[in-house]
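Just below is one structure, and these are the notes that go with it.
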Amino acid sequence: MMMCACDEEIGRKFLPHQLREGVELETQERIQVTEGFVSDVCEGCRGLPLTAYPASSIIGRTTNARRYYWREIAFETMKRLDARSQEIGSDRTSKEYWEARKQIEKEVVAEIQQQHAISPKYTYKNETDASVITRYAVEVASLSANYVRDPTGQRAIIVGTNGPCTVESFVTRHYQALGFDILPLESRPFHVLFGVYAWLVIQDFADPLVRVEGFGDRIAYDNNREGDVVWFHKPQDFGTKGYGLRRAQAIDEHFSPDWLEEGQLQFLFDLWLEPSAKLRQYLWAHSEEDVAKAQTLISILPASAIVRILRYMVEHYWGRYLGWPDLLVYSKDEFFLAEVKASGDKLSDDQKRWIKDNNERLELPFKLVKVNRVG
C-alpha cells in the first residue's frame, strides 16, 4: 500500500492523520500504508490520462466542477486558508474562519471552471435528458404557463390563477383540479421508511462491524441551537455497496415474505418508530412532517413496492440517497410519482440514475412533468 510522492507536501502538512492507513471505499476497511510515499505512482505523474472519480451530487455539490474536481478544490482551499491564517486565525469554530473558507472555496471553483474550459483535466460524462427519457420510456406530461422573474433569482416563478407561485405549486394545483391528492416528497419520507424498517438489521449487535459512533444533534441544529453529541450503533461499512453484499443473507432474512401480509407494514412502523429514532436522526429523517409523509406512503403504496424500495436502498444507501421524485400524485384508483421541471431545467445525475433504477428495479409508476414557458 503506497501513496504518490506528489501528495507528500500537502499530506504531511494538512492530513497527517491519514498517512498511516487508507480506507477501502466499498467496505470501509482500514488498510495500513506499508510503503509510504513513492515517486510516479499516480496516473498524472506517469503521464497517463486521469481516471475521473466524480463525487455524488449532494446539496452544495451539484455542478460538474465540484463533483469532478472535488480533490483539487479541497487541496487548493487548504493551501489558501493556511496562507491567510494570520489574518483569519486558525479557530475552525469561529464565524470568520468559515466565512473566509466559503469565499476561498468559491474563488477556487471559479478558477477551476475557467481552466476546465481551456484545458480540461477530466471529461464530464453526462447523458442528455432526451436520451434518458427515450431509453427508459419515461412518460412526459407537458404543461404550459407564464413565467415571471423571481426577485431573488433562486427559483422559477409562475403566474397562476391565484397569483405568483412556484412550479411545484402550479403542478399541484393542476392535478388537484383533476381530482388527485398530492403529497410533496423528494427524498426524506423514503429515508424515514428506511430508518424505521431497516434499523433492526442495520444496528444488529451480531454484526461484527457494528461500532459506537457519534454525530451532531440534528434536532438542535434544526432549532438553531447547540446540542450534544448523539451516540448510536452503526456498521463500519454502512451505506456502501460492500455492506449490501456482506449482509445479503441477514437482509434477506429481515425482509421476509411476512412483511407483505395485510396491515403488517403499519404495525411494524408503529412498533419500530421509537427504537429507530437515533438512526433516523443520523439520516436526517427525523422530523414529524416527514414521519407523517412516510405514513401516508404506507397507506398508498403496495407493500410489495415498499419492500422493493427498502431492498434497493439497503444495497447502496449513500449511492441512492438523492434523486427521488418531487411529488406523489394519487387518488382512490391510481398513483404515480412525479418529477417536476420548470422550462429550461435539466435532470440531475442522481435523478437520471433514479429513473434508470426505477425502470430496472423499482417499477414504480412515474411521470416527468415539464412546465413549458408560454411564448
Side-chain angles (χ1 to χ4, degrees), residues 135-139 175 180-204 238-239 241 243-245 247-273 275-276 279-280 283 285 290-339 350-369:
R135 178 179 300 188
Y136 302 112
V138 176
E139 182 178 351
Y175 281 108
F180 290 94
D181 290 313
I182 309 295
L183 180 68
L185 284 176
E186 294 188 335
S187 63
R188 289 191 179 181
F190 293 102
H191 298 303
V192 173
L193 293 178
F194 177 82
V196 170
Y197 289 129
W199 78 274
L200 200 59
V201 67
I202 297 295
Q203 299 183 288
D204 184 4
F238 170 72
K241 289 182 181 178
Y243 175 82
L245 294 172
R247 295 280 288 164
Q249 182 176 348
I251 291 169
D252 285 341
E253 292 174 355
H254 180 66
F255 294 113
S256 67
D258 294 342
W259 285 56
L260 304 183
E261 294 180 3
E262 189 69 28
Q264 185 72 1
L265 283 179
Q266 184 60 60
F267 169 76
L268 291 176
F269 189 93
D270 296 338
L271 181 67
W272 289 342
L273 182 63
S276 68
L279 176 62
R280 288 188 292 104
L283 303 176
D290 290 326
V291 169
K293 289 179 179 179
Q295 290 180 308
T296 302
L297 285 174
I298 296 170
S299 68
I300 297 170
L301 301 185
S304 57
I306 291 179
V307 173
R308 286 199 304 274
I309 290 170
L310 297 173
R311 284 182 170 273
Y312 167 76
M313 295 177 76
V314 78
E315 289 173 6
H316 190 192
Y317 182 78
W318 294 127
R320 297 166 178 174
Y321 189 84
L322 299 176
W324 296 83
D326 295 311
L327 306 174
L328 174 66
V329 183
Y330 63 99
S331 66
K332 181 179 179 181
D333 302 318
E334 66 173 307
F335 74 89
F336 62 89
L337 298 171
E339 178 61 38
D350 282 303
Q351 289 166 344
K352 293 174 185 176
R353 185 260 311 147
W354 187 90
I355 289 172
K356 171 183 178 294
D357 292 347
N358 184 57
N359 180 268
E360 298 175 353
R361 292 282 309 280
L362 296 173
E363 300 177 345
L364 297 168
F366 171 73
K367 292 181 183 181
L368 176 62
V369 183

**Message:** So, using ring-ring contact (aromatic ring centres under 6.0 Å, His included) as the criterion, who are the partners of F190 when residues are at least two apart?
**Reply:** W324

**Item:** Residues forming a ring-ring contact (aromatic ring centres under 6.0 Å, His included) with H316, sequence neighbours excluded
**Value:** none

Please name the pair of heavy atoms, one in [X] and one in [Y], separated by the smallest distance, quoted to 0.1 Å.
| X | Y | answer |
| --- | --- | --- |
| F269 | I298 | CD1-CD1, 3.4 Å |
| F366 | V138 | CE2-CG1, 3.7 Å |
| A338 | V369 | CB-CG2, 3.9 Å |
| A285 | V192 | O-CG2, 3.4 Å |
| G244 | I251 | O-CD1, 4.0 Å |
| S187 | L322 | OG-CD2, 4.5 Å |

Can you measure from [atom1] ([X]) to [atom2] ([Y]) and round to the nearest 0.5 angstrom?
| X | Y | atom1 | atom2 | answer |
| --- | --- | --- | --- | --- |
| D290 | E186 | CG | CD | 10.0 Å |
| D350 | I355 | CG | CD1 | 11.0 Å |
| L245 | K241 | CG | NZ | 9.0 Å |
| N358 | K356 | CG | NZ | 11.5 Å |
| E139 | L368 | CD | CG | 10.0 Å |
| L268 | L273 | CG | CG | 12.0 Å |

**Asked** Is D204 salt-bridged to R247, cutoff N-O under 4.0 Å?
**Response** yes

**Prompt:** Is the shortest distance from a Lys or Arg side-chain nitrogen in E339 or K367 to a carboxylate oxygen in the other one below 4.0 Å?
**Reply:** no

**Prompt:** Can you list the residues that meet the side-chain hydrogen bond (donor to acceptor under 3.5 Å, both in side chains) rule with Y317, with sequence neighbours excluded?
**Reply:** H191

**Request:** Only counting residues at least two apart or in another chain, list the ones meeting side-chain hydrogen bond (donor to acceptor under 3.5 Å, both in side chains) with N359.
**Result:** none

Spell out, as yes or no, whether a donor-acceptor pair under 3.5 Å connects the side chain of [X] to the backbone of [Y].
| X | Y | result |
| --- | --- | --- |
| Y321 | L283 | yes |
| Y197 | L265 | yes |
| R280 | L193 | no |
| H254 | I202 | no |
| K293 | L185 | no |
| R308 | L362 | yes |

**Asked** Do W318 and F238 have ring centroids that are under 6.0 Å from one another?
**Response** yes

If you define the side chain from C-beta out and look only at heavy atoms, does anything of [X] sit under 4.5 Å from [Y]?
| X | Y | value |
| --- | --- | --- |
| I309 | L364 | yes |
| F267 | L271 | yes |
| V307 | Y312 | no |

**Message:** Taking salt bridge (charged side-chain N to carboxylate O under 4.0 Å, His left out) as the definition, give me every residue that meets it alongside R311, ordered by chain and number, with sequence neighbours left out.
**Reply:** D252

**Message:** If you count every heavy atom of other residues, nucleotides or ligands that lies below 6.0 Å from E360 atom CD, does the total exceed 12?
**Reply:** yes

Give every donor-acceptor pair under 3.5 Å between a side-chain atom in residues 325-336 and any protein atom, sequence neighbours left out.
| from | atom 1 | to | atom 2 | distance (Å) |
| --- | --- | --- | --- | --- |
| D326 | OD2 | V340 | N | 2.8 |
| S331 | OG | D333 | N | 3.4 |
| S331 | OG | E334 | N | 3.4 |

**Request:** Let me see the working for R135 and K352 under side chain to side chain contact (heavy atoms under 4.5 Å, CB included), right down to the final yes or no.
**Result:** CA-CA 11 Å; R135 178 179 300 188; K352 293 174 185 176; over 6 Å; no

